[in-house]
Amino acid sequence: MTLTEWYPPNIKPKRRGVYITRHTNGIYFQRWTGTFWNVRHATIETADKAILRSRFQDVEWKGIKK
């Protein structure tokens, strides 16, 4: 599995799904809804089930290269 480079907060993912995100206080998994980031989680599985909007919207992120 190959990951992308870190994208800055002003660039948002084109596809919905779970991404690796980082903020000043750590690295987490967050689900991108297509509009906003959901709350942060320690695992992909729990992040994929998240339904609450995160207060951390200005995050760097990376995904899986195809």
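Between the CD1 atom in Ile64 and the OG1 atom in Thr2 there is a gap of 9.5 Å [rounded to 0.5 Å]. The CH2 atom of Trp32 lies 11.0 Å from the OG atom of Ser54; values are rounded to the nearest 0.5 Å. To the nearest 0.5 Å, atoms CZ (Arg31) and CG (Leu52) are separated by 10.5 Å.
Pairs engaging residues 39-52 under the salt bridge (charged side-chain N to carboxylate O under 4.0 Å, His left out) rule: none recorded [sequence neighbours left out]. Within the structure, the side chain to side chain donor-acceptor pair (under 3.5 Å) test picks out the following pairs touching residues 10-21 (sequence neighbours left out): Thr21-Gln30.
Ile20 and Ile44 fall within a single hydrophobic cluster, where Ile, Leu, Val, Met, Phe, Trp and Tyr side chains are chained together by heavy-atom contacts under 4.5 Å. In the hydrophobic clustering of ILVMFWY residues, with side-chain heavy atoms under 4.5 Å counting as a link, Phe56 and Trp37 come out together.
Between Ala50 and Val39 the shortest heavy-atom distance is CB-CG2, 4.0 Å. Summarising the geometry of Lys62 relative to Leu3, their closest heavy-atom pair is CD-CD1, 3.8 Å, with the distance given to 0.1 Å.
Between His41 and Phe29, the ring center distance fails the sub-6.0 Å criterion.
With sequence neighbours left out, the side chain to side chain contact (heavy atoms under 4.5 Å, CB included) criterion links Arg53 to Phe36, Gln57. Residues passing the side chain to side chain contact (heavy atoms under 4.5 Å, CB included) test with Ile11 are Tyr7, Pro8, Trp61, sequence neighbours excluded. Legend: residues meeting side chain to side chain donor-acceptor pair (under 3.5 Å) with Thr33, ordered by chain and number and at least two apart, are absent. Contacts of Arg22 classified as salt bridge (Lys or Arg N to Asp or Glu O under 4.0 Å), with partners at least two apart in sequence or in another chain: Glu60.
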